[in-house]
Peer 1: 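Okay, handing you the structure first.
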There are 2 protein chains.
Amino acid sequence: MDKEKIERYRKLGLKMTPQRLAILEYLEGNTSHPSAEDIFRHVEEKFPSMSFATVYNTLEALKEKGLIIELNIEPGKKRFDPNIEPHHHMICEKCHRIFDVFEDFSVDLPPKYAQKFKVKRSQVVFYGLCSRCAEESK
Amino acid sequence: MDKEKIERYRKLGLKMTPQRLAILEYLEGNTSHPSAEDIFRHVEEKFPSMSFATVYNTLEALKEKGLIIELNIEPGKKRFDPNIEPHHHMICEKCHRIFDVFEDFSVDLPPKYAQKFKVKRSQVVFYGLCSRCAEESK
DNA sequence: GTGTTTGCAAAGAATTTGCAACGAA
DNA sequence: TTCGTTGCAAATTCTTTGCAAACAC
């Protein structure tokens with residue numbers, strides 16, 4: 001990661017330890033929506049002494065700074081998305097992979113509901129079969 | 001619960017134990033999207049010897065029969081929705097309550113995505129503030 | 001009577017916490 | 001030097017499992 005980018009993180013109040021750098025590098029551009037364990041398994045290779053606590057600590061810090069989004073999509077575990085642009089997801093009910101959808105659907109609550117709830121953002125989740133799984137089940 | 005309804009559950013292959021009845025009665029028409037613990041706490045009053053295992057076992061059975069839907073909305077815990085009609089949710093980011101939205105938004109994937117993913121159903125989640133919390137933070 | 005369900009306790013998975021040692025700034 | 005971060009281990013929270021006794025049908 002280049003110095004400029006590191007400096008930007010630092011300015012946000014994040015101490016840039018080597019472990020954090022490795023986590024950030026793993027997340028950068030990652031579209032696999034990894035779990036804490038996925039991240040740990042990967043960064044562990046570079047830092048065998050890594051602790052799960054460090055992974056969670058870093059993810060929490062990144063979440064607070066608004067640099068990643070926590071996804072509650074899979075029962076029992078969190079997943080993390082480094083893409084903070086508003087976007088939607090397609091979830092394959094067979095392989096459980098999550099795919100991004102960059103499209104503006106402009107879903108608006110009808111007045112009946114909007115009066116009682118102030119919407120900040122909305123998210124559409126599509127459930128179904130990815131092409132790979134659809135192919136396999138033919 | 002009336003005999004007719006009980007008979008309907010029985011026909012689905014569910015043995016209707018008193019515990020299951022109590023859980024079903026608690027869920028019927030319940031719009032609070034309760035967690036396993038919420039359900040346990042309530043049914044426990046009637047059956048002090050109740051076990052968490054029974055709650056989970058019943059919820060799993062109901063889910064398999066398509067009588068309830070499991071919601072993965074809150075990190076670390078499942079919530080259950082006895083309303084199986086397609087509907088959407090508004091989630092208050094302050095009090096974490098979940099509200100139902102019965103409205104057809106007809107969100108469709110553009111061809112670019114639809115070619116690679118076969119959508120079975122979609123769900124919209126609105127994040128924001130409920131009126132009670134919006135009022136309080138004024 | 002048969003086979004499922006219950007209750008209990010123990011195991012398991014994911015996450016959080018306390019704290020001394022460490023290290024980025 | 002200072003204060004936040006790391007690593008470790010223990011604790012917590014939520015869920016699942018194994019098994020004998022109980023019970024629905």
Side-chain angles (χ1 to χ4, degrees), chain A residues 1 3-24 33-65 67-68 70-80 96, chain B residues 1 3-24 33-65 67-68 70-80 96:
Chain A
M1 198 178 298
K3 292 201 172 178
E4 204 178 305
K5 207 172 278 173
I6 295 179
E7 189 55 32
R8 221 178 300 145
Y9 285 121
R10 193 173 287 144
K11 289 237 173 85
L12 284 168
L14 294 168
K15 280 200 180 177
M16 293 306 282
T17 66
Q19 294 90 334
R20 288 191 167 178
L21 246 175
I23 292 174
L24 280 166
H33 310 82
S35 65
E37 170 146 22
D38 295 332
I39 296 165
F40 177 76
R41 293 285 165 242
H42 185 268
V43 183
E44 192 187 20
E45 289 172 21
K46 207 167 173 180
F47 295 92
S49 72
M50 267 279 285
S51 157
F52 252 106
T54 298
V55 174
Y56 282 111
N57 160 1
T58 298
L59 291 171
E60 182 60 29
L62 294 177
K63 193 176 73 176
E64 274 181 6
K65 301 294 178 191
L67 297 170
I68 60 172
E70 181 186 302
L71 302 178
N72 300 309
I73 273 178
E74 189 157 347
K77 72 166 60 161
K78 295 173 181 175
R79 283 165 166 271
F80 298 88
H96 302 108
Chain B
M1 197 178 300
K3 291 200 172 179
E4 203 178 307
K5 208 172 278 174
I6 295 179
E7 190 56 30
R8 221 178 302 146
Y9 285 123
R10 195 174 285 145
K11 290 238 173 82
L12 284 168
L14 294 168
K15 281 200 178 176
M16 293 305 282
T17 65
Q19 295 88 336
R20 287 191 168 179
L21 246 175
I23 292 173
L24 280 166
H33 310 81
S35 65
E37 170 145 21
D38 295 332
I39 296 165
F40 177 77
R41 292 287 165 240
H42 185 268
V43 183
E44 192 187 20
E45 289 172 21
K46 207 167 174 181
F47 296 93
S49 71
M50 268 277 285
S51 156
F52 252 105
T54 299
V55 175
Y56 281 111
N57 160 2
T58 299
L59 291 171
E60 182 61 28
L62 295 177
K63 193 177 75 177
E64 273 181 7
K65 302 294 180 192
L67 297 170
I68 59 172
E70 180 186 304
L71 302 177
N72 300 308
I73 272 178
E74 189 157 346
K77 72 167 61 160
K78 297 175 179 175
R79 281 164 166 271
F80 299 88
H96 302 109

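Naming convention: chains lettered A, B, ... in sequence-line order (proteins, then strands); numbering from 1 in each chain. Remember, it's a predicted structure, so these values are computed and weren't measured experimentally.
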Peer 1: Roughly how many Å is it from CG in B:L12 to C1' in C:dT5, rounded to a whole number?
Peer 2: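 Computing the B:L12:CG to C:dT5:C1' distance gives 17 Å.
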Peer 1: How bent is the helix from C:dG1-D:dC25 to C:dA25-D:dT1, measuring the angle between the end axes built from five pairs each, rounded to 10°?
Peer 2: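 Taking five pairs per end, the axes differ by 50°.
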Peer 1: For nucleotides 15-25 of chain C, just jot down a letter per nucleotide in 5' to 3' order: B, S or -, based on protein non-hydrogen atoms under 4.0 Å.
Peer 2: BBB-----BBS
Peer 1: Ignoring hydrogens, what is the shortest heavy-atom contact between A:F80 and A:S35? Give both atom names and the distance.
Peer 2: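 For A:F80 versus A:S35, the nearest heavy atoms are CD1-C, 4.5 Å.
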Peer 1: A:E45: what forms a side chain to side chain contact (heavy atoms under 4.5 Å, CB included) with it, not counting sequence neighbours?
Peer 2: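 Side chain to side chain contact (heavy atoms under 4.5 Å, CB included) check on A:E45 returns nothing, list empty.
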Peer 1: Not counting sequence neighbours, which residues clear side chain to side chain contact (heavy atoms under 4.5 Å, CB included) with B:H42? List them please.
Peer 2: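 Result, side chain to side chain contact (heavy atoms under 4.5 Å, CB included) vs B:H42: B:Y26.
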Peer 1: Taking side-chain hydrogen bond (donor to acceptor under 3.5 Å, both in side chains) as the test, write out the residues that go with A:E64, two or more places apart.
Peer 2: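 In terms of side-chain hydrogen bond (donor to acceptor under 3.5 Å, both in side chains), with neighbours along the sequence ignored, A:E64 is linked to no residue.
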Peer 1: Nearest whole Å is fine: how far is C:dT5 P from B:F47 CZ?
Peer 2: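 Rounding to the nearest Å, CZ of B:F47 and P of C:dT5 are 16 Å apart.
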Peer 1: Strictly distance-based, threshold 3.5 Å: is any side-chain N or O of A:K63 a donor or acceptor partner for the main-chain N or O of A:E70?
Peer 2: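 Such a contact is absent between A:K63 side chain and A:E70 backbone.
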Peer 1: Quick one: A:M50 CE to D:dT5 C1', roughly how many Å, whole number?
Peer 2: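 Roughly 12 Å, once rounded to whole Å.
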Peer 1: Given atom CD of A:E44 and atom P of D:dG7, what is their separation to the nearest angstrom?
Peer 2: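 In whole Å, D:dG7 P and A:E44 CD are 11 Å from each other.
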Peer 1: Check whether any side-chain nitrogen or oxygen of B:N57 sits under 4.0 Å from OP1 or OP2 of D:dT16, and answer yes or no.
Peer 2: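 No.
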Peer 1: Report yes if a side-chain nitrogen or oxygen of A:T54 is closer than 4.0 Å to either non-bridging phosphate oxygen (OP1 or OP2) of D:dG7; otherwise report no.
Peer 2: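 Indeed, a polar side-chain atom of A:T54 lies that close.
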Peer 1: When the distance from CD of B:Q19 to C1' of C:dC8 is rounded to whole Å, what number comes out?
Peer 2: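 Roughly 14 Å, once rounded to whole Å.
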Peer 1: Throw together a table of side-chain donor-acceptor distances under 3.5 angstrom for residues 13-23 of chain B, partners on residues two or more places apart or in other chains.
Peer 2:
residue: B:T17; atom: OG1; partner: B:R20; partner atom: N; Å: 3.2
residue: B:R20; atom: NH1; partner: B:K15; partner atom: O; Å: 3.4
residue: B:R20; atom: NH2; partner: B:N57; partner atom: OD1; Å: 3.1

Peer 1: Can you measure B:K11 atom NZ to D:dC25 atom P for me and round it to whole angstrom units?
Peer 2: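 So the two atoms are 13 Å apart, to the nearest Å.
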Peer 1: Search all heavy atoms of B:H33 against all heavy atoms of B:R79 and return the closest pair with its distance.
Peer 2: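 In this case the closest contact between B:H33 and B:R79 is O-NH1, 2.6 Å.
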Peer 1: Dump the intermediate steps for side chain to side chain contact (heavy atoms under 4.5 Å, CB included) on B:Y9 and B:L67, then the final yes or no.
Peer 2: CA-CA 9 Å; B:Y9 285 123; B:L67 297 170; 3.6 Å; yes
